[in-house]
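What you see below is based on every heavy atom in this structure, not just the backbone, and it leaves out hydrogens, waters and symmetry mates.
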Amino acid sequence: MKKQLITCAMAAAMASTATAAFAQTLAQVEERGYIQCGVTEGVAGFSFPDENNNWSGLEVDFCRAMAAAIFDDPDAVRYTPLNTNVRFETLSNGNIDVLSRTTTWTMTRDTDLGLTFAGTMFYDGQGFIVPEGTVESALDLSGAAVCVQSGTTTELNMADYFAANDLDGSNFVVYVTRDEVTQAYLDGRCDAYTTDASGLAADRTQFPDPSAHVILPEIISKEPLGPVVRSGDTQWFNIAKWTYYALINAEELGVTSENVDDMLGSENPSIRRLLGVEGDFGTPLGISSDWGYRIIKHVGNYGELYERHVGPNTALGLERGLNALWTDGGLMYGMPIR
C-alpha cells in the first residue's frame with residue numbers, strides 16, 4: 001500500500017510538472033520567434049504544400065492568423081506534417097504549439113487526451129467516393145471492399161453505419177496513411193473509400209481524372225473539424241479561441257483585409273473593439289491590443305479564408321452550407337468582444 005501511495009504521488013507530481021512546463025506557451029513561442037503548427041500530410045484546401053514546400057489552406061491560415069496576432073507577421077509559422085496516429089502525441093509532448101489538421105472534435109478527445117479544441121473551422125460529415133457508374137448509394141456497399149485510414153473517427157463511423165443498416169462490413173481495408181488509402185482506391189484494391197466529405201472533394205482534385213469519381217449522397221456522421229491546443233495553459237487557449245472568434249466576427253461585421261484600414265475610423269463599437277481602437281482586449285491575452293486588426297489585415301476574415309481555399313470558385317467547389325454565418329442560416333457564430 002505504501003509503495004502504491006508513493007507511485008501515485010510521483011505520477012501526480014509528474015503530471016503537475018508537465019502541465020506547468022506547458023503553461024507558458026506564449027513566452028516560449030515569442031522567444032523562439034514562430035509558432036510550430038501541426039498540419040496534414042497534404043489535403044488540398046486545408047493544408048497543402050506546393051513544390052517549394054510553401055503551405056496553404058483553411059487550416060494553415062488559422063495558424064497564420066495566430067502568428068499575425070502575436071508577431072504582426074503571418075509568416076512566423078513553421079509547419080509539421082503529421083499522420084493521424086501521431087498527431088495528438090506530437091501536440092501533447094510539446095513538439096508543436098497548435099494542431100490545425102482536419103481533426104474532429106469528439107467527447108473522448110476533449111476529455112481523455114489532455115487537449116482542448118479552440119473552435120470549429122469547418123463543419124463536415126463523412127461520405128463515400130466510388131468510380132462513376134458503380135453504385136448510387138452507400139446502402140449499396142454491402143460486402144464491398146471499402147478503404148479507410150486507421151486511427152480515425154472515420155473508421156469507427158463506417159463500422160457503426162454498416163452495423164446500423166445491416167450491411168456486410170467484412171471487407172474493410174485499413175491503411176495507416178491517407179496517401180496509402182487514396183492510392184489503394186486508385187489502384188482498384190477497394191471499391192470505395194471513405195473520409196470526411198471535404199477530404200473526398202480535396203482528394204478528387206488530385207486524381208488523374210476527377211470526373212471519373214462520384215461522391216455518394218449519404219453523409220453518415222457529424223465531423224466538426226477544428227484546431228487543438230494542450231490543456232492547462234489558459235492564456236494560449238484564449239489566444240487560439242479568440243483568434244477563431246475574430247475571424248468570424250470580422251466577417252459578420254463586414255471587416256475585410258481590403259477595408260480594414262478604413263474601418264479603423266468606424267463609429268461601430270463592435271468594430272472598434274475588434275480592431276483595438278476602443279478598450280484594451282490585448283493585455284488579458286498577453287499580446288498587442290490591435291491583435292484583431294493584425295489578423296484581418298494579414299489573413300482576412302473567415303469568409304475570405306473559405307472562399308480562398310475551399311469555396312465554390314476553387315477546385316473543391318464547396319458551398320458554405322453549415323459553414324455560413326449564423327445570420328445566413330449557418331453555424332458560424334463568434335462570441336462578442338466586449
Side-chain angles (χ1 to χ4, degrees), residues 39-51 55-60 81 83-84 101-102 104 122-155 157-159 161-162 165 167-221 223 225 306-323:
V39 293
T40 70
E41 295 171 293
V43 176
F46 290 85
S47 50
F48 196 83
D50 64 15
E51 62 276 6
W55 288 82
S56 65
L58 184 69
E59 294 174 321
V60 165
N83 66 40
T84 57
R101 185 211 175 280
T102 56
T104 301
F122 192 89
Y123 288 95
D124 208 350
Q126 186 174 329
F128 296 85
I129 193 168
V130 298
E132 186 180 24
T134 53
V135 299
E136 297 182 355
S137 168
L139 295 172
D140 299 326
L141 292 174
S142 184
V146 182
C147 282
V148 64
Q149 189 174 3
S150 65
T152 61
T153 55
T154 307
E155 185 179 8
N157 293 336
M158 181 174 64
Y161 180 77
F162 271 63
N165 290 282
L167 303 178
D168 177 7
S170 61
N171 292 322
F172 297 160
V173 186
V174 180
Y175 293 93
V176 173
T177 70
R178 189 187 191 96
D179 287 344
E180 289 175 328
V181 175
T182 55
Q183 192 58 54
Y185 170 73
L186 290 173
D187 290 343
R189 283 177 273 161
C190 40
D191 305 307
Y193 106 80
T194 182
T195 189
D196 299 340
S198 65
L200 296 176
D203 289 341
R204 185 169 59 177
T205 66
Q206 308 299 308
F207 290 175
D209 182 7
S211 64
H213 305 271
V214 177
I215 298 173
L216 298 178
E218 289 83 4
I219 298 297
I220 69 169
S221 70
E223 303 295 329
L225 310 178
Y306 192 99
E307 295 304 319
R308 182 186 307 155
H309 299 298
V310 300
N313 296 320
T314 68
L316 272 68
L318 302 177
E319 299 293 339
R320 288 290 292 266
L322 296 177
N323 296 293

Quick one: pull up [atom1] in [X] and [atom2] in [Y] and give me the separation to the nearest 0.5 Å.
X: D209; Y: R204; atom1: CG; atom2: CZ; result: 11.0 Å
X: M158; Y: T153; atom1: CE; atom2: OG1; result: 11.5 Å
X: D140; Y: S142; atom1: CG; atom2: OG; result: 9.5 Å
X: T314; Y: E307; atom1: OG1; atom2: CD; result: 8.0 Å

Plane angle bin for F128 and Y161 - parallel if under 30°, tilted between 30 and 60°, otherwise perpendicular: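 Y161 and F128: tilted rings.
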For [X] against [Y], the heavy-atom pair lying closest together:
X: L318; Y: S198; value: CD1-CB, 4.0 Å
X: T177; Y: E41; value: CB-OE1, 4.3 Å
X: L316; Y: F46; value: CD2-CE1, 4.1 Å
X: D124; Y: A197; value: OD1-N, 3.6 Å
X: Y306; Y: E319; value: OH-O, 2.6 Å
X: G42; Y: P49; value: CA-CD, 4.2 Å

Any non-hydrogen side-chain atom of [X] less than 4.5 Å from a side-chain atom of [Y]?
X: Q206; Y: F48; result: yes
X: R320; Y: P312; result: no
X: V173; Y: R189; result: no
X: C190; Y: V146; result: no

- prompt: Which one of I129, V181, T182 satisfies the side chain to side chain contact (heavy atoms under 4.5 Å, CB included) criterion with C147?
  reply: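 Among I129, V181, T182, the one that satisfies the side chain to side chain contact (heavy atoms under 4.5 Å, CB included) with C147 is V181.
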query: Checking side chain to side chain contact (heavy atoms under 4.5 Å, CB included) against F162, which of N157, I220, L167 comes through?
result: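 Answer after filtering N157, I220, L167: L167.
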task: Verify side chain to side chain contact (heavy atoms under 4.5 Å, CB included) between E59 and V39, making sure each step is shown before the conclusion.
output: CA-CA 8 Å; E59 294 174 321; V39 293; 5.9 Å; no
With no hydrogens and no angle check, do the side chains of [X] and [Y] hold a donor and an acceptor under 3.5 Å apart?
X: S47; Y: T40; answer: yes
X: Q126; Y: T194; answer: yes
X: S137; Y: E218; answer: yes

message: Show, in sequence, the C-alpha distance, side-chain angles and deciding distance for Y185 and H213, and conclude whether the side chain to side chain contact (heavy atoms under 4.5 Å, CB included) test is met.
response: CA-CA 11 Å; Y185 170 73; H213 305 271; 2.8 Å; yes
- request: Take R178 and T195 through the test side chain to side chain contact (heavy atoms under 4.5 Å, CB included) and record every step on the way to the result.
  value: CA-CA 9 Å; R178 189 187 191 96; T195 189; 3.9 Å; yes
- request: Apply side-chain contact (heavy atoms from CB on, under 4.5 Å) to T84 and list each qualifying residue two or more places apart in sequence or on a separate chain.
  value: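 Only R87, R101, Q149, T152 meet the side-chain contact (heavy atoms from CB on, under 4.5 Å) criterion with T84.
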- request: Please report the C-alpha distance between D191 and N171 in whole Å, then the side-chain angles of each, then the deciding distance to 0.1 Å, and finally whether the side chain to side chain contact (heavy atoms under 4.5 Å, CB included) criterion is met.
  value: CA-CA 10 Å; D191 305 307; N171 292 322; over 6 Å; no
message: The criterion is salt bridge (Lys or Arg N to Asp or Glu O under 4.0 Å); which residues satisfy it with D196, sequence neighbours excluded?
response: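 Not a single residue meets the salt bridge (Lys or Arg N to Asp or Glu O under 4.0 Å) criterion with D196.
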